[in-house]
Amino acid sequence: MVRANGAVSLRELARVVQTSEVTVRRDVRALEAEGLLDRRHGGAVLPGGFTRESGFPQKSHLATAEKTAIADLAASFVEEGEAVVVGAGTTTQELARRLARVPGLTVVTNSLLVAQALAHANRVEVVMTGGTLRGSNYALVGSGAEQSLQGLRVSRAFLSGSGLTAERGLSTSNMLSASVDRALVQAAAEVVVLADHTKLGTDTMFQTVPTDVITRLVTDEPPAHDERAATELQALADQGVHISVAGPGTGTGPSAGTVHGGEPVTPARRRDVPLPGQRRSLPLGHGQPPAPGTPPGDRLRSATPLGEQPSARVADLAPRRR
């Protein structure tokens, strides 16, 4: 199944072989030890980083809780009346579902799934690129898509991909998708990458966004045993990428906050990242500066980054250079 599809979820494996996920997880671990596949959170993929891209059905079942939390946090950075670009992917599709509540928003996308998620949002304008449909991820690619983006300028681009490393930045396994993603980046003043921890440290064939172009990474917290992901996060921060880490849950009740004309929002919980290095508030021009003489710990707590809700905290790993 992994050879045929590029990736498979533990849940699907358990259903096909009619056994428990515990048994499947043990067998997948044994297959990984033999070098036949690589384990990922909630599933398995072909061994090695330079593999062909998985199809949408396989991707949609991997790291679903993490993608939901990442989308919740990323949506809090978008303000009323903005114009943004949203690329193709399962995580960006989750983001689009949350952007449907932002009034006056304009979303430019090459993804049919993103457009579908926003189709019934009567206060959101959706602009589709041209291009040729790529069925595996329901995205428009090719010269038509790239040409339709020429002369476009938006505040932010939200992109996902197959892998993210500090050395090469964001990458994907498909040349046509990579080319369109590069055109999307050219249209944006800031680039926000959405990537769960399973993609950290994974390198694939075609570079889409170099590390020095990425403004922010929105991710989930890696498991305690995942040293590769934690090391990659710190390396990205050292190269100037702001790291925002989403927790697995959402805020509820009155303290969850309201934005966009008083509509209730349940943002993902955010927590400080237990990584070394100096921290500082986000340089995005939002929030009030701390009072002179405020201790460093209070300075972090008093900073109000873009889209910050009163009940949430965000970790910002300050770059050592840019």
Side-chain angles (χ1 to χ4, degrees), residues 48-53 70 74 77 84-92 95 108-111 129 131 134 137 139 141-143 145-220 222 228-245 273 275 277 282-284 306 316-322:
F50 300 96
T51 58
R52 68 185 183 88
E53 186 179 25
I70 290 169
F77 298 143
V84 300
V85 159
V86 179
T90 53
T91 310
T92 51
L95 170 63
V108 181
T109 185
N110 70 318
S111 168
T129 69
R134 184 166 179 260
N137 64 346
V141 298
S143 59
E146 296 170 38
Q147 291 173 8
S148 65
L149 293 165
Q150 292 180 3
L152 182 71
R153 193 62 172 170
V154 298
S155 58
R156 292 181 186 82
F158 293 90
L159 298 176
S160 187
S162 302
L164 177 65
T165 66
E167 181 180 359
R168 290 184 72 220
L170 190 66
S171 61
T172 187
S173 303
N174 182 266
M175 180 174 63
L176 293 176
S177 296
S179 185
V180 174
D181 281 353
R182 285 192 287 268
L184 293 173
V185 167
Q186 292 296 319
E190 297 180 358
V191 178
V192 181
V193 170
L194 313 182
D196 64 79
H197 72 269
T198 64
K199 298 178 181 179
L200 298 177
T202 299
D203 201 3
T204 52
M205 288 185 68
F206 300 99
Q207 183 191 56
T208 56
V209 189
T211 305
D212 59 359
V213 176
I214 299 173
T215 308
R216 179 186 301 276
L217 166 65
V218 184
T219 186
D220 62 297
R228 181 181 70 169
T231 301
E232 207 67 49
L233 277 180
Q234 184 59 66
L236 287 163
D238 291 345
Q239 294 202 33
V241 179
H242 294 288
I243 313 294
S244 296
V245 179
V273 185
L275 296 176
L282 295 176
L284 295 179
L306 178 60
D316 184 45
L317 300 189
R320 297 198 179 109
R321 64 180 178 82
R322 185 64 174 163

Is Arg156 close enough and on-axis enough to Phe77, meaning under 6.0 Å and within 45°, for cation-pi?
no
Between Glu167 and Asp203, does the side-chain contact (heavy atoms from CB on, under 4.5 Å) criterion hold? Intermediate values first, please.
CA-CA 9 Å; Glu167 181 180 359; Asp203 201 3; 5.6 Å; no
Would you say Thr219's side chain and Ala195's backbone share a donor-acceptor pair under 3.5 angstrom?
yes
Would you say the side-chain atoms of Thr208 pair up with the backbone N or O of Leu170, donor to acceptor, closer than 3.5 Å?
yes
Would the distance check show the side chain of Ser179 and the main-chain N or O of Leu176 forming a donor-acceptor pair, the cut-off being under 3.5 Å?
no
Backbone N or O of Ala178 within a donor-acceptor pair of the Thr172 side chain at under 3.5 Å?
no
Taken in chain and number order and not counting sequence neighbours, the residues that satisfy side chain to side chain donor-acceptor pair (under 3.5 Å) with Ser111 are none
Between Arg168 and Thr204, is there a donor-acceptor pair closer than 3.5 Å when you use the side chain of the first and the backbone of the second?
yes
Shortest non-hydrogen separation from Gly169 to Ile214 and the atoms involved
CA-CD1, 4.4 Å
Can you measure from CG (Leu217) to CG (Leu194) and round to the nearest 0.5 angstrom?
8.5 Å
About how many Å separate OG of Ser160 and CG of Asp196, when rounded to the nearest 0.5 Å?
7.5 Å
Kindly determine whether Val209 and Asp181 satisfy side-chain contact (heavy atoms from CB on, under 4.5 Å), including the steps that lead there.
CA-CA 8 Å; Val209 189; Asp181 281 353; 5.6 Å; no
Residue pair Ala145 / Thr129: nearest heavy atoms and the distance that separates them:
CB-OG1, 3.9 Å
Whether the side chain of Thr92 engages the backbone of Gly87 through a donor-acceptor N/O pair (distance < 3.5 Å, no angle test) should be reported.
yes
For a 4.5 angstrom cut-off between non-hydrogen side-chain atoms, does Thr202 reach Arg228?
yes
Measuring from atom OG of Ser171 to atom CE of Met205, what distance do you get when rounded to the nearest 0.5 angstrom?
10.5 Å
Look up atom CG in Leu233 and atom CG in Leu164, then write down how far apart they are to the nearest 0.5 Å.
8.5 Å
Quick one: pull up CD in Gln186 and CZ in Arg153 and give me the separation to the nearest 0.5 Å.
8.5 Å
Main-chain N/O of Ala139 paired to Asn110 side chain as donor or acceptor, under 3.5 Å:
no
From Leu95 CG over to Ile70 CD1, what is the distance, rounded to the nearest 0.5 angstrom?
11.0 Å
Taking Arg182 for its side chain and Gln207 for its backbone only, find out whether a donor-acceptor pair lies under 3.5 Å.
yes
Closest contact, heavy atoms only, Ile243 versus Ala237:
CG1-CB, 4.1 Å
Okay, side chain of Glu232, backbone of Ala166: is any donor-acceptor separation there less than 3.5 Å?
yes
